[in-house]
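Letters A, B, ... mirror the listed sequences (proteins, then strands); counts begin at 1.
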Amino acid sequence: MRTSTTSTKTTICSSRRAVGIALALVGLLAALPAPAETPPGAQQLIEQTVTQVLGILRDESRTTAQRRVELERIAHERFDFRTMARLVLGRDWKRLDATERDEFVDQFTTYLANDYGSRLDRYEQENVIVEGEEPKPRGDVVVKTKVVGGENDGAIVDYRMRKGSDGSWRIIDVVIEGISLVANFRDQFREVMSRGGPEGLIDRLKEKNAAVDA
Amino acid sequence: MKRPTRRRAAPLAVLLLCALAVTGSARGEDSAEADAEGGSGSRAVYDPWEPMNRAIFAFNEFADRWLIEPIAIGWDTVVPEPVQHGIDHFFQNLSTPRRIANSLLQGNPRQAGSVFGRFLINTTFGLAGFFDPAGDAGFPPADEDFGQTLGVWGVPPGPYLVLPVLGPSSPRDTAGLAVDGLAFTPEVYFIPFYVSYSLTGTNLLNSRSLALETVRAERASAFDFYAAVRSAFIQYRANQVRNRAEDPEEEDEDFYYFDEDDDLLE
């Protein structure tokens, strides 16, 4: 993916991992209808989500469109898109007023759903193993998973999770082989905003999202 | 035997230039990180050569769209996918010396042993490496190169650098590439240069073919493809080095938190 020529060994490797990105995101678009009792721990939540998402992907009776609707619903439960959007903008978040912020969060969420939704057909019966969780100093938890089988066999995918005010864990970043989704978009959006400001960025997002609907 | 020696003088020159660049650039790095274009530590983007890099990147993109990708599509049409994977395994097997040498240089003899075991199994039962029974049995390929070795030894990558045709790199990784090519690719000293060129060409073409779909998807989804590639490359390499280092640099926690006054507008 990454370079035009994709020719150094490293690059090739990182491109495979990027396929991993696609897959992990397939995995990432996952979540579970939260059970009512005690809220599950971060790792448990990822385990349930993986099981549920793989179930949907493997169910031949569903059409791609149906799968997408279900996975999107799950994604909205499992991801904290607002926090992700904020982290993606970093200090540039301050440059947006309240309306722009809401608009940005909306458009960015739609963009992620479209982008990863469009890659669902590429699922090739990979499995995902949840390997454990690692607490971070300020309360976040990183749940570590590994892709098994397929072209991205062995790819390491980490989900960074944060406990919301409602007490449930939500995903705030997906890190594939060390490549953070949030960091990747931050670098891109910084470039876009340095040229067109917040309006420019929101317009670009709308443009991309509209192109998908058309 | 004369020819290969001569053509290998060029990479050596590149290596020396890069070594100079590394020492020259390491000094500027702290201030660049303090400048903190929205991140520090392993996620920091340090790209003082951006105008030049963007120009080379644009050239690479152009060459890919009009030459390399079309050829790769042709290859992909003619060569069945399982064969492409076989070829990929073959080249991976061929690069065993690089993997073993760098595992050792990084102080990981156990991994070196595992890679050697892989090589024996795949060369014999895997029919000269076209199949990967060792991988199926749980011996991962351990993708080590000299750029990573330098990183494990504490050499910083230096500024982001886009190489013509070869793509994303850094002075450190370019030097690493040269050392791997010179020292840890022994077959080039035993086979005629045109065979080794053909092999390299086949490997690159086959790899590009396997990446067709991914590249297409990433290009389509990116907002700034140059920035997307740069960010992914820098993070990926930092991660490869961090995994091996004895005292890994802690990932940047601040990256995941906002400034307090951000909340005012909530």
## Note on the structure
Which of Arg195(A), Arg204(A), Arg190(A) passes salt bridge (charged side-chain N to carboxylate O under 4.0 Å, His left out) with Asp224(B)? It is Arg195(A)
### side chain to side chain contact (heavy atoms under 4.5 Å, CB included) between Phe223(B) and Lys208(A), worked out
CA-CA 9 Å; Phe223(B) 288 81; Lys208(A) 284 245 180 200; 4.1 Å; yes
### Query
Relative to chain B, which segment of Arg160(A) carries a heavy atom at a distance below 4.5 Å: side chain, backbone, both, or neither?
side chain
### chain A interface, residue from Ala227(B), Gly135(B), Ser221(B), Gly147(B) that has the most non-hydrogen pairs under 4.5 Å
Ser221(B)
### Message
Restricting to non-hydrogen atoms, name the atom on Gln235(B) and the atom on Gly178(A) that form the minimum distance, rounded to 0.1 Å.
### Response
OE1-O, 3.2 Å
#### Entry: Segment of Asp140(A) engaging chain B (4.5 angstrom heavy-atom cut-off)
both
### Query
Which bit of Ala220(B) is near chain A, if near means a heavy-atom gap under 4.5 Å: side chain, backbone, both or neither?
backbone
#### Entry: More than 12 heavy atoms from other groups under 6.0 Å of OH on Tyr226(B)
yes
### Query
What option among Asp102(A), Ile156(A), Leu89(A), Leu205(A) has the most heavy-atom pairs under 4.5 Å with chain B?
Leu205(A)
### Message
Whether the Tyr256(B) and Asp173(A) side chains hold a donor-acceptor pair (N or O, under 3.5 Å, no angle test) is what I'd like checked.
### Response
yes
### Query
Where the side chain of Asn184(A) meets the backbone of Ser231(B), is there a donor-acceptor pair that is under 3.5 Å apart?
no
### Message
To check you understand the geometry: which heavy-atom pair defines the closest contact between Phe255(B) and Arg186(A), and what is its length?
### Response
O-NH2, 3.3 Å
